[in-house]
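Have a look at the structure below before the remarks.
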There are 2 protein chains.
Amino acid sequence: MGVVRSELDPPRGQVVEGSSEVPSAPRAMRADAVKNHEKILRAAEEIFALDGVKVPIDVVAERAGVGVGTLYRHFPTKESLYEAIVMTRLTSLLETANRLIRDVEPGRALDSFLREFARQAAEKQDLFDAMDQAGFDFKSRFSDRVDELVDRVDVLRQRAVASGAVRADVETSDILNLVMGTCHAASHGGVDKSALQRLVTIVITGIQPTPER
Amino acid sequence: MGVVRSELDPPRGQVVEGSSEVPSAPRAMRADAVKNHEKILRAAEEIFALDGVKVPIDVVAERAGVGVGTLYRHFPTKESLYEAIVMTRLTSLLETANRLIRDVEPGRALDSFLREFARQAAEKQDLFDAMDQAGFDFKSRFSDRVDELVDRVDVLRQRAVASGAVRADVETSDILNLVMGTCHAASHGGVDKSALQRLVTIVITGIQPTPER
DNA sequence: GCCTATCCGGAACCCTAGTTCCGGATATAG
DNA sequence: CTATATCCGGAACTAGGGTTCCGGATAGGC
(Lines give C-alpha, C1' and ligand atoms only; values in the text may rest on other atoms or scores of the structure.)
Protein backbone atom coordinates (compact mmCIF):
# COMPACT_ATOMS: atom_id res chain seq x y z
CA MET A 1 0.00 0.00 0.00
CA GLY A 2 2.16 2.81 1.24
CA VAL A 3 5.77 2.44 0.21
CA VAL A 4 5.99 0.93 -3.19
CA ARG A 5 9.68 0.20 -3.63
CA SER A 6 9.24 -2.46 -6.23
CA GLU A 7 12.01 -4.25 -8.03
CA LEU A 8 12.33 -1.20 -10.17
CA ASP A 9 14.98 0.57 -8.22
CA PRO A 10 18.48 -0.61 -8.87
CA PRO A 11 18.34 -3.88 -7.03
CA ARG A 12 20.58 -4.45 -4.08
CA GLY A 13 20.55 -6.93 -1.30
CA GLN A 14 22.67 -4.93 1.02
CA VAL A 15 21.62 -3.81 4.43
CA VAL A 16 22.80 -0.40 5.47
CA GLU A 17 26.04 -0.73 7.39
CA GLY A 18 25.57 -0.34 11.09
CA SER A 19 21.95 -1.28 10.81
CA SER A 20 20.55 -2.28 14.14
CA GLU A 21 18.92 -5.26 12.45
CA VAL A 22 19.79 -8.85 13.00
CA PRO A 23 23.46 -9.24 12.15
CA SER A 24 22.66 -11.84 9.48
CA ALA A 25 23.33 -9.16 6.89
CA PRO A 26 22.02 -10.37 3.52
CA ARG A 27 24.82 -10.11 1.04
CA ALA A 28 24.78 -7.79 -1.91
CA MET A 29 23.50 -9.25 -5.16
CA ARG A 30 26.02 -10.81 -7.42
CA ALA A 31 27.01 -8.76 -10.42
CA ASP A 32 25.45 -11.14 -12.91
CA ALA A 33 22.21 -11.13 -10.98
CA VAL A 34 22.03 -7.37 -11.13
CA LYS A 35 22.66 -7.45 -14.84
CA ASN A 36 19.96 -10.02 -15.40
CA HIS A 37 17.51 -8.10 -13.30
CA GLU A 38 17.98 -5.13 -15.53
CA LYS A 39 17.80 -7.17 -18.71
CA ILE A 40 14.50 -8.61 -17.56
CA LEU A 41 13.06 -5.21 -16.78
CA ARG A 42 14.11 -3.82 -20.12
CA ALA A 43 12.69 -6.76 -22.01
CA ALA A 44 9.45 -6.67 -20.06
CA GLU A 45 9.02 -2.99 -20.62
CA GLU A 46 9.39 -3.41 -24.35
CA ILE A 47 7.25 -6.48 -24.79
CA PHE A 48 4.50 -5.50 -22.41
CA ALA A 49 4.25 -2.17 -24.17
CA LEU A 50 3.85 -3.94 -27.46
CA ASP A 51 1.75 -6.96 -26.57
CA GLY A 52 0.21 -6.20 -23.21
CA VAL A 53 -0.41 -8.55 -20.30
CA LYS A 54 -1.22 -11.42 -22.56
CA VAL A 55 2.33 -12.14 -23.63
CA PRO A 56 3.56 -15.45 -22.18
CA ILE A 57 6.25 -15.21 -19.57
CA ASP A 58 8.62 -17.40 -21.61
CA VAL A 59 8.63 -14.79 -24.32
CA VAL A 60 9.77 -12.15 -21.89
CA ALA A 61 12.49 -14.47 -20.60
CA GLU A 62 13.66 -15.28 -24.09
CA ARG A 63 13.76 -11.66 -25.08
CA ALA A 64 15.77 -10.91 -21.97
CA GLY A 65 18.15 -13.70 -22.91
CA VAL A 66 17.44 -15.50 -19.69
CA GLY A 67 15.75 -18.72 -18.56
CA VAL A 68 12.30 -18.69 -17.00
CA GLY A 69 13.81 -19.90 -13.77
CA THR A 70 15.93 -16.81 -13.60
CA LEU A 71 13.03 -14.59 -14.33
CA TYR A 72 11.03 -16.16 -11.56
CA ARG A 73 13.81 -15.69 -9.05
CA HIS A 74 13.75 -11.98 -9.74
CA PHE A 75 9.99 -11.67 -9.93
CA PRO A 76 8.10 -14.34 -8.02
CA THR A 77 5.09 -13.97 -10.20
CA LYS A 78 4.21 -12.83 -13.66
CA GLU A 79 1.91 -10.35 -12.07
CA SER A 80 4.69 -8.90 -9.95
CA LEU A 81 6.77 -8.19 -13.02
CA TYR A 82 3.79 -6.73 -14.76
CA GLU A 83 3.04 -4.64 -11.75
CA ALA A 84 6.57 -3.28 -11.62
CA ILE A 85 6.31 -2.06 -15.18
CA VAL A 86 2.85 -0.58 -14.88
CA MET A 87 3.76 1.24 -11.70
CA THR A 88 6.45 3.20 -13.49
CA ARG A 89 3.96 4.11 -16.15
CA LEU A 90 1.39 5.28 -13.65
CA THR A 91 3.99 7.20 -11.72
CA SER A 92 5.13 8.95 -14.82
CA LEU A 93 1.57 9.89 -15.66
CA LEU A 94 1.10 11.17 -12.15
CA GLU A 95 4.11 13.40 -12.52
CA THR A 96 2.78 14.72 -15.78
CA ALA A 97 -0.49 15.56 -14.10
CA ASN A 98 1.22 17.32 -11.23
CA ARG A 99 3.43 19.28 -13.55
CA LEU A 100 0.45 20.43 -15.56
CA ILE A 101 -1.44 21.40 -12.44
CA ARG A 102 1.54 23.43 -11.31
CA ASP A 103 2.68 25.06 -14.53
CA VAL A 104 -0.14 25.30 -17.00
CA GLU A 105 -3.21 27.46 -17.09
CA PRO A 106 -6.32 25.55 -16.00
CA GLY A 107 -8.04 25.81 -19.34
CA ARG A 108 -5.27 24.04 -21.19
CA ALA A 109 -4.00 21.70 -18.51
CA LEU A 110 -6.79 19.16 -18.70
CA ASP A 111 -6.64 19.17 -22.46
CA SER A 112 -2.92 18.52 -22.43
CA PHE A 113 -3.21 15.80 -19.87
CA LEU A 114 -5.90 13.93 -21.71
CA ARG A 115 -3.88 13.99 -24.88
CA GLU A 116 -0.82 12.74 -23.12
CA PHE A 117 -2.83 10.11 -21.31
CA ALA A 118 -4.26 8.86 -24.57
CA ARG A 119 -0.87 8.85 -26.19
CA GLN A 120 0.64 6.82 -23.39
CA ALA A 121 -2.18 4.34 -23.07
CA ALA A 122 -2.19 3.80 -26.80
CA GLU A 123 1.55 3.35 -26.91
CA LYS A 124 1.90 1.11 -23.89
CA GLN A 125 -0.45 -1.77 -24.24
CA ASP A 126 0.26 -2.85 -20.68
CA LEU A 127 -0.86 0.48 -19.28
CA PHE A 128 -4.06 0.17 -21.19
CA ASP A 129 -4.60 -3.39 -20.02
CA ALA A 130 -3.99 -2.36 -16.46
CA MET A 131 -6.49 0.45 -16.45
CA ASP A 132 -8.83 -1.75 -18.39
CA GLN A 133 -8.83 -4.30 -15.60
CA ALA A 134 -8.62 -1.79 -12.83
CA GLY A 135 -11.47 0.18 -14.24
CA PHE A 136 -11.73 3.35 -12.28
CA ASP A 137 -13.56 1.74 -9.44
CA PHE A 138 -12.46 -1.80 -9.65
CA LYS A 139 -10.03 -3.31 -7.21
CA SER A 140 -6.60 -4.34 -8.34
CA ARG A 141 -3.04 -4.24 -7.29
CA PHE A 142 -2.65 -0.82 -8.87
CA SER A 143 -5.72 0.65 -7.37
CA ASP A 144 -3.89 2.89 -4.95
CA ARG A 145 -1.85 4.47 -7.66
CA VAL A 146 -4.84 4.65 -9.93
CA ASP A 147 -6.77 6.38 -7.19
CA GLU A 148 -4.04 8.97 -6.90
CA LEU A 149 -4.17 9.50 -10.60
CA VAL A 150 -7.92 9.83 -10.66
CA ASP A 151 -7.60 12.32 -7.86
CA ARG A 152 -5.18 14.43 -9.88
CA VAL A 153 -7.45 14.32 -12.88
CA ASP A 154 -10.25 15.46 -10.68
CA VAL A 155 -8.21 18.50 -9.74
CA LEU A 156 -7.56 19.18 -13.41
CA ARG A 157 -11.24 18.88 -14.13
CA GLN A 158 -12.33 21.15 -11.30
CA ARG A 159 -9.95 23.82 -12.46
CA ALA A 160 -11.08 23.46 -16.01
CA VAL A 161 -14.67 23.84 -14.89
CA ALA A 162 -13.78 26.91 -12.84
CA SER A 163 -12.05 28.45 -15.82
CA GLY A 164 -15.05 27.80 -18.01
CA ALA A 165 -13.34 25.27 -20.26
CA VAL A 166 -15.48 22.35 -19.20
CA ARG A 167 -19.12 21.91 -18.30
CA ALA A 168 -19.89 21.49 -14.63
CA ASP A 169 -22.07 18.42 -15.04
CA VAL A 170 -19.28 16.26 -16.40
CA GLU A 171 -17.80 13.78 -13.96
CA THR A 172 -14.17 12.82 -13.76
CA SER A 173 -14.97 9.20 -14.37
CA ASP A 174 -16.88 10.19 -17.49
CA ILE A 175 -13.83 11.88 -18.87
CA LEU A 176 -11.53 9.02 -18.07
CA ASN A 177 -13.92 6.45 -19.41
CA LEU A 178 -14.24 8.33 -22.63
CA VAL A 179 -10.53 8.77 -23.11
CA MET A 180 -9.92 5.16 -22.20
CA GLY A 181 -12.42 4.37 -24.89
CA THR A 182 -10.33 6.15 -27.45
CA CYS A 183 -7.32 4.16 -26.31
CA HIS A 184 -9.36 1.06 -26.56
CA ALA A 185 -9.84 1.75 -30.21
CA ALA A 186 -6.18 2.53 -30.63
CA SER A 187 -4.89 -0.57 -28.92
CA HIS A 188 -6.93 -2.80 -31.15
CA GLY A 189 -5.35 -1.52 -34.28
CA GLY A 190 -6.98 0.56 -36.93
CA VAL A 191 -6.34 3.85 -35.22
CA ASP A 192 -3.13 5.68 -35.87
CA LYS A 193 -1.72 8.54 -33.86
CA SER A 194 -3.52 11.27 -35.74
CA ALA A 195 -6.85 9.47 -35.60
CA LEU A 196 -6.37 9.04 -31.89
CA GLN A 197 -5.85 12.75 -31.39
CA ARG A 198 -8.95 13.36 -33.48
CA LEU A 199 -10.94 11.14 -31.14
CA VAL A 200 -9.61 12.90 -28.10
CA THR A 201 -10.50 16.20 -29.67
CA ILE A 202 -14.07 15.04 -30.10
CA VAL A 203 -14.25 14.07 -26.46
CA ILE A 204 -12.81 17.38 -25.35
CA THR A 205 -15.25 19.20 -27.55
CA GLY A 206 -18.04 17.14 -26.06
CA ILE A 207 -17.29 18.23 -22.54
CA GLN A 208 -16.99 21.91 -23.28
CA PRO A 209 -19.77 24.28 -22.37
CA THR A 210 -22.22 24.69 -25.21
CA PRO A 211 -22.75 28.35 -26.06
CA GLU A 212 -26.33 27.98 -27.19
CA ARG A 213 -28.87 25.21 -26.91
CA MET B 1 -19.98 -15.16 -46.75
CA GLY B 2 -23.32 -14.62 -48.40
CA VAL B 3 -25.98 -16.86 -46.93
CA VAL B 4 -25.57 -17.09 -43.23
CA ARG B 5 -28.06 -19.75 -42.19
CA SER B 6 -26.45 -20.63 -38.95
CA GLU B 7 -27.75 -23.04 -36.39
CA LEU B 8 -30.12 -20.34 -35.34
CA ASP B 9 -33.05 -21.26 -37.50
CA PRO B 10 -35.17 -24.05 -36.15
CA PRO B 11 -32.85 -26.94 -36.81
CA ARG B 12 -33.90 -29.68 -39.16
CA GLY B 13 -32.04 -32.36 -40.94
CA GLN B 14 -34.56 -32.82 -43.64
CA VAL B 15 -33.84 -32.43 -47.29
CA VAL B 16 -36.58 -30.80 -49.27
CA GLU B 17 -38.82 -33.47 -50.69
CA GLY B 18 -38.25 -34.03 -54.35
CA SER B 19 -34.76 -32.68 -54.14
CA SER B 20 -32.64 -33.78 -57.02
CA GLU B 21 -29.92 -34.69 -54.55
CA VAL B 22 -28.66 -38.11 -53.75
CA PRO B 23 -31.63 -40.10 -52.49
CA SER B 24 -29.85 -40.79 -49.21
CA ALA B 25 -32.13 -38.25 -47.57
CA PRO B 26 -30.75 -37.36 -44.13
CA ARG B 27 -33.49 -37.99 -41.63
CA ALA B 28 -35.16 -35.29 -39.65
CA MET B 29 -33.71 -34.59 -36.22
CA ARG B 30 -35.07 -36.51 -33.34
CA ALA B 31 -37.43 -34.62 -31.06
CA ASP B 32 -35.07 -34.68 -28.09
CA ALA B 33 -32.28 -33.35 -30.26
CA VAL B 34 -34.38 -30.42 -31.37
CA LYS B 35 -35.27 -29.65 -27.80
CA ASN B 36 -31.65 -29.76 -26.70
CA HIS B 37 -30.59 -27.56 -29.55
CA GLU B 38 -32.98 -24.92 -28.37
CA LYS B 39 -32.02 -25.29 -24.75
CA ILE B 40 -28.39 -24.77 -25.70
CA LEU B 41 -29.16 -21.65 -27.69
CA ARG B 42 -31.22 -20.18 -24.91
CA ALA B 43 -28.56 -20.87 -22.31
CA ALA B 44 -25.80 -19.51 -24.53
CA GLU B 45 -27.70 -16.35 -25.24
CA GLU B 46 -28.17 -15.68 -21.56
CA ILE B 47 -24.70 -16.54 -20.39
CA PHE B 48 -22.79 -14.96 -23.23
CA ALA B 49 -24.77 -11.79 -22.69
CA LEU B 50 -23.78 -11.78 -19.07
CA ASP B 51 -20.22 -13.07 -19.13
CA GLY B 52 -19.05 -12.68 -22.71
CA VAL B 53 -16.83 -15.00 -24.74
CA LYS B 54 -14.76 -15.93 -21.78
CA VAL B 55 -17.30 -18.18 -20.14
CA PRO B 56 -16.18 -21.83 -20.23
CA ILE B 57 -18.17 -24.10 -22.47
CA ASP B 58 -19.00 -26.45 -19.62
CA VAL B 59 -20.86 -23.66 -17.92
CA VAL B 60 -23.04 -23.18 -20.94
CA ALA B 61 -23.68 -26.90 -21.12
CA GLU B 62 -24.56 -27.08 -17.46
CA ARG B 63 -26.91 -24.14 -17.69
CA ALA B 64 -28.57 -25.77 -20.65
CA GLY B 65 -28.93 -28.93 -18.60
CA VAL B 66 -26.93 -30.90 -21.12
CA GLY B 67 -23.54 -32.63 -21.31
CA VAL B 68 -20.63 -31.06 -23.14
CA GLY B 69 -20.72 -33.89 -25.63
CA THR B 70 -24.24 -32.93 -26.58
CA LEU B 71 -23.32 -29.32 -26.92
CA TYR B 72 -20.45 -30.19 -29.21
CA ARG B 73 -22.65 -32.30 -31.43
CA HIS B 74 -24.88 -29.33 -32.02
CA PHE B 75 -22.10 -26.80 -32.32
CA PRO B 76 -18.79 -28.29 -33.42
CA THR B 77 -16.86 -25.53 -31.81
CA LYS B 78 -17.24 -23.03 -29.05
CA GLU B 79 -16.67 -20.36 -31.61
CA SER B 80 -19.49 -21.61 -33.78
CA LEU B 81 -21.94 -21.32 -30.91
CA TYR B 82 -20.63 -17.92 -30.08
CA GLU B 83 -20.92 -16.92 -33.68
CA ALA B 84 -24.51 -18.03 -33.85
CA ILE B 85 -25.44 -15.83 -30.93
CA VAL B 86 -23.51 -12.80 -32.07
CA MET B 87 -24.94 -13.01 -35.55
CA THR B 88 -28.45 -12.58 -34.23
CA ARG B 89 -27.32 -9.57 -32.28
CA LEU B 90 -25.66 -7.99 -35.29
CA THR B 91 -28.64 -8.75 -37.45
CA SER B 92 -30.95 -7.12 -34.97
CA LEU B 93 -28.77 -4.06 -34.87
CA LEU B 94 -28.74 -3.96 -38.63
CA GLU B 95 -32.51 -3.99 -38.68
CA THR B 96 -32.59 -1.17 -36.19
CA ALA B 97 -30.30 0.86 -38.40
CA ASN B 98 -32.38 0.22 -41.47
CA ARG B 99 -35.57 1.09 -39.70
CA LEU B 100 -34.10 4.36 -38.50
CA ILE B 101 -32.83 5.20 -41.94
CA ARG B 102 -36.28 4.56 -43.33
CA ASP B 103 -38.50 6.12 -40.71
CA VAL B 104 -36.66 8.77 -38.79
CA GLU B 105 -35.52 12.22 -39.71
CA PRO B 106 -31.79 12.31 -40.46
CA GLY B 107 -30.93 14.60 -37.58
CA ARG B 108 -32.30 12.23 -34.98
CA ALA B 109 -31.65 8.89 -36.62
CA LEU B 110 -27.92 8.73 -35.94
CA ASP B 111 -28.47 9.85 -32.39
CA SER B 112 -31.05 7.17 -31.79
CA PHE B 113 -28.92 4.51 -33.37
CA LEU B 114 -25.87 5.32 -31.31
CA ARG B 115 -27.88 5.19 -28.13
CA GLU B 116 -29.38 1.88 -29.05
CA PHE B 117 -26.02 0.54 -30.10
CA ALA B 118 -24.49 1.52 -26.80
CA ARG B 119 -27.38 0.03 -24.89
CA GLN B 120 -27.07 -3.26 -26.74
CA ALA B 121 -23.31 -3.53 -26.52
CA ALA B 122 -23.41 -2.71 -22.84
CA GLU B 123 -26.15 -5.22 -22.20
CA LYS B 124 -24.78 -8.06 -24.25
CA GLN B 125 -21.23 -8.67 -23.24
CA ASP B 126 -20.77 -11.05 -26.16
CA LEU B 127 -21.70 -8.37 -28.67
CA PHE B 128 -19.15 -6.11 -27.15
CA ASP B 129 -16.48 -8.79 -27.14
CA ALA B 130 -17.18 -9.54 -30.76
CA MET B 131 -16.84 -5.99 -31.93
CA ASP B 132 -13.91 -5.62 -29.67
CA GLN B 133 -12.07 -8.36 -31.46
CA ALA B 134 -13.41 -7.54 -34.86
CA GLY B 135 -12.50 -3.92 -34.46
CA PHE B 136 -13.91 -2.10 -37.39
CA ASP B 137 -11.17 -3.12 -39.73
CA PHE B 138 -9.98 -6.31 -38.24
CA LYS B 139 -10.76 -9.64 -39.80
CA SER B 140 -12.98 -12.08 -38.04
CA ARG B 141 -15.78 -14.43 -38.65
CA PHE B 142 -18.27 -11.63 -38.26
CA SER B 143 -16.53 -9.19 -40.49
CA ASP B 144 -19.08 -9.40 -43.28
CA ARG B 145 -21.94 -8.60 -41.00
CA VAL B 146 -19.91 -5.95 -39.26
CA ASP B 147 -19.10 -4.42 -42.61
CA GLU B 148 -22.77 -4.21 -43.41
CA LEU B 149 -23.40 -2.56 -40.11
CA VAL B 150 -20.62 -0.05 -40.59
CA ASP B 151 -22.03 0.68 -43.99
CA ARG B 152 -25.44 1.46 -42.51
CA VAL B 153 -23.90 3.68 -39.90
CA ASP B 154 -22.10 5.48 -42.65
CA VAL B 155 -25.42 6.21 -44.29
CA LEU B 156 -26.74 7.50 -41.00
CA ARG B 157 -23.70 9.70 -40.62
CA GLN B 158 -23.88 11.10 -44.13
CA ARG B 159 -27.49 12.03 -43.64
CA ALA B 160 -26.76 13.59 -40.30
CA VAL B 161 -24.01 15.63 -41.89
CA ALA B 162 -26.30 16.71 -44.69
CA SER B 163 -28.93 17.78 -42.21
CA GLY B 164 -26.39 19.79 -40.28
CA ALA B 165 -26.51 17.64 -37.15
CA VAL B 166 -22.95 16.41 -37.45
CA ARG B 167 -19.68 17.96 -38.53
CA ALA B 168 -18.40 16.91 -41.95
CA ASP B 169 -14.90 16.07 -40.80
CA VAL B 170 -16.00 13.26 -38.53
CA GLU B 171 -15.44 9.77 -39.86
CA THR B 172 -17.74 6.86 -39.34
CA SER B 173 -15.01 4.86 -37.69
CA ASP B 174 -14.43 7.73 -35.28
CA ILE B 175 -18.02 7.61 -34.20
CA LEU B 176 -18.06 3.87 -33.77
CA ASN B 177 -14.78 3.82 -31.94
CA LEU B 178 -16.00 6.42 -29.55
CA VAL B 179 -19.27 4.72 -28.85
CA MET B 180 -17.51 1.39 -28.49
CA GLY B 181 -15.33 3.14 -25.98
CA THR B 182 -18.34 4.06 -23.92
CA CYS B 183 -19.46 0.45 -24.01
CA HIS B 184 -16.02 -0.57 -23.00
CA ALA B 185 -16.43 1.40 -19.85
CA ALA B 186 -19.86 -0.05 -19.29
CA SER B 187 -18.90 -3.66 -19.76
CA HIS B 188 -16.17 -3.42 -17.18
CA GLY B 189 -18.53 -2.40 -14.46
CA GLY B 190 -18.75 0.96 -12.84
CA VAL B 191 -21.01 2.48 -15.43
CA ASP B 192 -24.73 2.16 -15.07
CA LYS B 193 -27.33 2.78 -17.70
CA SER B 194 -27.71 6.47 -17.01
CA ALA B 195 -23.97 7.08 -16.93
CA LEU B 196 -23.71 5.27 -20.24
CA GLN B 197 -26.26 7.54 -21.83
CA ARG B 198 -24.39 10.51 -20.42
CA LEU B 199 -21.24 9.31 -22.11
CA VAL B 200 -23.00 8.82 -25.41
CA THR B 201 -24.41 12.28 -25.09
CA ILE B 202 -20.94 13.69 -24.70
CA VAL B 203 -19.82 11.92 -27.82
CA ILE B 204 -22.81 13.14 -29.77
CA THR B 205 -22.18 16.65 -28.55
CA GLY B 206 -18.59 16.30 -29.60
CA ILE B 207 -19.43 15.51 -33.18
CA GLN B 208 -21.95 18.29 -33.62
CA PRO B 209 -21.03 21.39 -35.57
CA THR B 210 -19.60 24.05 -33.28
CA PRO B 211 -21.41 27.36 -33.68
CA GLU B 212 -18.43 29.52 -32.92
CA ARG B 213 -14.69 28.91 -32.61
C1' DG C 1 -43.38 -54.38 -28.64
C1' DC C 2 -38.90 -54.53 -30.96
C1' DC C 3 -34.93 -52.94 -33.25
C1' DT C 4 -31.61 -49.77 -34.57
C1' DA C 5 -30.16 -45.27 -36.18
C1' DT C 6 -29.53 -41.35 -33.35
C1' DC C 7 -28.55 -39.07 -29.54
C1' DC C 8 -26.81 -38.40 -24.77
C1' DG C 9 -23.35 -37.67 -20.97
C1' DG C 10 -19.22 -37.02 -19.04
C1' DA C 11 -14.66 -39.12 -18.45
C1' DA C 12 -10.42 -38.61 -20.72
C1' DC C 13 -7.21 -36.24 -23.66
C1' DC C 14 -4.53 -32.25 -25.29
C1' DC C 15 -2.71 -27.83 -25.43
C1' DT C 16 -1.42 -23.54 -23.39
C1' DA C 17 0.66 -20.84 -19.99
C1' DG C 18 2.15 -20.13 -15.11
C1' DT C 19 5.18 -21.94 -11.64
C1' DT C 20 8.56 -25.05 -9.29
C1' DC C 21 12.73 -27.69 -8.87
C1' DC C 22 17.32 -29.03 -8.95
C1' DG C 23 21.82 -30.31 -11.06
C1' DG C 24 25.31 -27.50 -13.00
C1' DA C 25 27.82 -23.01 -13.50
C1' DT C 26 30.12 -19.00 -11.44
C1' DA C 27 31.14 -14.82 -8.91
C1' DT C 28 33.68 -13.47 -5.15
C1' DA C 29 35.40 -13.71 -0.21
C1' DG C 30 39.44 -15.28 1.98
C1' DC D 1 43.61 -20.35 -6.09
C1' DT D 2 39.81 -22.54 -3.79
C1' DA D 3 35.62 -23.09 -1.55
C1' DT D 4 30.97 -22.15 -1.44
C1' DA D 5 27.02 -19.17 -1.33
C1' DT D 6 24.50 -17.57 -5.21
C1' DC D 7 22.76 -17.78 -9.38
C1' DC D 8 21.42 -19.92 -13.84
C1' DG D 9 18.63 -22.69 -17.22
C1' DG D 10 15.19 -25.29 -18.72
C1' DA D 11 12.84 -29.69 -17.97
C1' DA D 12 8.89 -31.01 -15.54
C1' DC D 13 4.76 -30.22 -13.06
C1' DT D 14 0.07 -28.04 -12.56
C1' DA D 15 -4.26 -26.01 -13.71
C1' DG D 16 -7.82 -24.34 -16.75
C1' DG D 17 -10.41 -24.86 -20.63
C1' DG D 18 -11.49 -26.74 -25.45
C1' DT D 19 -12.44 -31.01 -27.85
C1' DT D 20 -12.95 -36.05 -28.60
C1' DC D 21 -14.61 -40.60 -27.72
C1' DC D 22 -17.49 -44.26 -26.72
C1' DG D 23 -20.55 -47.11 -23.85
C1' DG D 24 -25.25 -46.53 -22.63
C1' DA D 25 -30.01 -44.61 -23.47
C1' DT D 26 -34.00 -43.87 -26.47
C1' DA D 27 -37.07 -42.06 -30.12
C1' DG D 28 -39.82 -43.61 -33.48
C1' DG D 29 -40.48 -46.60 -37.80
C1' DC D 30 -42.33 -51.20 -38.58
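Convention: sequence-line order gives letters A, B, ...; per-chain numbering from 1. Computed from a predicted structure; not experimentally measured.
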Contacts satisfying salt bridge (charged side-chain N to carboxylate O under 4.0 Å, His left out) that involve residues 172-182 of chain A (not counting sequence neighbours) are A:D174-B:R198

The side-chain hydrogen bond (donor to acceptor under 3.5 Å, both in side chains) partners of A:T77 (sequence neighbours excluded) come to none

Across all chains, not counting sequence neighbours, the salt bridge (charged side-chain N to carboxylate O under 4.0 Å, His left out) partners of A:R30 are A:D32

Nucleotide by nucleotide, nucleotides 21-30 of chain C touches protein heavy atoms under 4.0 Å in the pattern (B base, S sugar-phosphate only, - none) B----BSS--

The side-chain hydrogen bond (donor to acceptor under 3.5 Å, both in side chains) partners of A:E95 (sequence neighbours excluded) come to none

Self-check item: Presence of B:H74 side-chain N/O under 4.0 Å of C:dC8 phosphate oxygens OP1/OP2
Solution: yes

Could you list the donor-acceptor pairs under 3.5 angstrom formed by side chains in residues 151-158 of chain B, with sequence neighbours left out?
from: B:R152; atom 1: NH1; to: B:N98; atom 2: OD1; distance (Å): 3.1
from: B:D154; atom 1: OD1; to: B:R157; atom 2: NE; distance (Å): 3.2
from: B:D154; atom 1: OD1; to: B:R157; atom 2: NH2; distance (Å): 3.1
from: B:D154; atom 1: OD1; to: B:T172; atom 2: OG1; distance (Å): 2.5
from: B:D154; atom 1: OD2; to: B:Q158; atom 2: NE2; distance (Å): 2.9
from: B:R157; atom 1: NE; to: B:T172; atom 2: OG1; distance (Å): 2.9
from: B:R157; atom 1: NH1; to: B:V170; atom 2: O; distance (Å): 3.3

Atom NZ of B:K35 and atom C1' of D:dT26 are separated, to the nearest Å, by 14 Å

Which atom pairs, one a donor and one an acceptor, fall under 3.5 Å between side chains of residues 48-73 of chain A and the rest of the protein, sequence neighbours left out?
from: A:R63; atom 1: NE; to: A:E46; atom 2: OE1; distance (Å): 3.0
from: A:R63; atom 1: NH2; to: A:E46; atom 2: OE1; distance (Å): 2.2

Sorted by number, residues from residues 47-59 of chain B placing a heavy atom under 4.0 Å from DNA chain C are none

What one should report as the nearest heavy-atom pair of B:V200 and B:A118 is CG2-CB, 3.6 Å

side-chain hydrogen bond (donor to acceptor under 3.5 Å, both in side chains) filter on A:T201, not counting sequence neighbours, yields A:R115

